[in-house]
There are 2 protein chains.
Amino acid sequence: MYSINEVAAICDVTAHTLRFYDKEGLLPFVGRNEAGNRVFTERDLGLVKFICCLKNTGMPIKEIRKYIELAIEGEHTADTRRDMITGHRKEVLRQIDELKKSLTILDLKVAFYDSYKVGFQGEH
Amino acid sequence: MYSINEVAAICDVTAHTLRFYDKEGLLPFVGRNEAGNRVFTERDLGLVKFICCLKNTGMPIKEIRKYIELAIEGEHTADTRRDMITGHRKEVLRQIDELKKSLTILDLKVAFYDSYKVGFQGEH
DNA sequence: AAATTACTTAGAGTGGTCTCTAACGGTGTC
DNA sequence: GACACCGTTAGAGACCACTCTAAGTAATTT
């Protein structure tokens, strides 16, 4: 069992952010103790980690909520969820590809600065 | 010579965005024609493309402005600019690395959904 | 001459993701 | 009992990067 601050530390977010996610419907699975405080099980922690993975790869909160809602709904939504993840996987591949292209441009720029240093004159 | 809309089309942004960038100090090098309209040279286009490259890889507008200001300042800022780009290059490498890690997690999830389909029962 | 098109400006509004504040409640230790 | 500490809520505010509006100018087409 984990407190909100423990989960926050593990997932590298603030407790504020987790409460914000809860308010946005991303954490409907989280239970409470007698005092009304959020209590995260090991399984909850795993889901939060996955939510952070989706967030870190640019999935909007709305779509993450949709995914969570489907997960809560039950087994019969598994196909839809699989499709969401494979679709998002493609998007992540696209992001990686774009970043790699940009990296090439940055490398060229650095190469220019280096060539400039040794006397080559060109445009910047 | 290019109009704002031509540059917008080439760089896959809107003219609105280019004017916004201008207002933010990202395009101080762009000239005007007799009518007061922005006119982009081939060299300007190259710089806008590079600005978009920086933006697409997550460099904040403030930092891009700093880079542009240095470039305008002259040759003696070349070292600083080189450092900015190599620093940003590292950041892009970090982004790619993180995306690849996230991709692995997504792959595992897809694999789970597939194993689930053929009868394996586990956590979701 | 009127309409259309392309551009201009200042400035307001939007959307997303936090981020923080204020006021409060319950638990543990001295 | 007092205080620290961890948690709660509603809601305001911040920040970024646009995105759009309103009102206007200038050139071109019909």
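Distance, A:E63 CD to C:dT17 P: 11 Å, rounded to whole Å. When rounded to the nearest whole Å, the span between CG of A:N33 and P of D:dC6 equals 15 Å. Atom C1' of nucleotide D:dT8 and atom CG of A:L27 are separated by 15 Å, given to the nearest angstrom. Summarising the geometry, the separation between CD on B:E24 and C1' on D:dC15 is reported as 12 Å, rounded to the nearest angstrom. Taking atom CD1 of A:I64 as the reference point, atom C1' of C:dG16 lies 12 Å away to the nearest angstrom. The nearest whole Å value for the distance from the CG atom in A:L18 to the C1' atom in D:dT8 is 14 Å. Counting to the nearest Å, the P atom of D:dC18 and the CD1 atom of B:I51 are 12 Å from each other. C:dT19 atom P lies 17 Å from atom CG of A:D22, rounded to whole Å.
Comparing C:dT8, D:dT8, D:dC18 by their closest approach to the side chain of B:I61 singles out D:dC18. Checking D:dT19, C:dT17, D:dT8 against the side-chain heavy atoms of B:F20 singles out D:dT19 as nearest. Across D:dA17, D:dT19, C:dT8, the shortest atom-to-atom separation from the side chain of B:N37 is found for C:dT8. In this structure, the nucleotide among C:dG16, C:dT9, D:dC18 sitting nearest to the side chain of A:K62 is C:dG16.
OP1 or OP2 of D:dA17 has not a single side-chain nitrogen or oxygen of B:R65 nearer than 4.0 Å. Between A:R32 and C:dG26 there is no side-chain N or O to OP1 or OP2 distance below 4.0 Å. Contact annotation: A:Y21 reaches the phosphate of C:dC18 (side-chain N/O to OP1 or OP2, under 4.0 Å).
Nucleic acid contact for B:S3: sugar-phosphate only, since backbone atoms but no base atoms lie under 4.0 Å from a heavy atom of the residue. Across all strands shown, B:R19 has heavy atoms under 4.0 Å from base atoms, whether or not it also approaches the sugar-phosphate.
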How does protein reach along nucleotides 20-28 of chain D, written 5' to 3' as B (base within reach of a heavy atom under 4.0 Å), S (only sugar-phosphate), or - (no contact)? BB-------
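Counting only distance, with no hydrogens or angles, the side chain of B:T17 and the backbone of B:V13 share no donor-acceptor pair below 3.5 Å. Between the side chain of B:T77 and the backbone N or O of B:T80 there is no donor-acceptor pair closer than 3.5 Å.
Residues B:D44 and B:T41 bring a donor and an acceptor atom of their side chains to less than 3.5 Å of each other.
Using a 30° and 60° split on the angle between ring planes, A:Y113 and B:Y67 fall in the perpendicular class, above 60°.
Shown are A:Q95, A:K101, A:R94; of these, the side chain to side chain donor-acceptor pair (under 3.5 Å) with A:E98 is made only by A:R94.
Residue B:N33 qualifies as enclosed at atom CG: its count of foreign heavy atoms under 6.0 Å is above 12.
One distance of note links OG1 of A:T57 with CG of A:L93; it measures 11.0 Å at 0.5 Å rounding.
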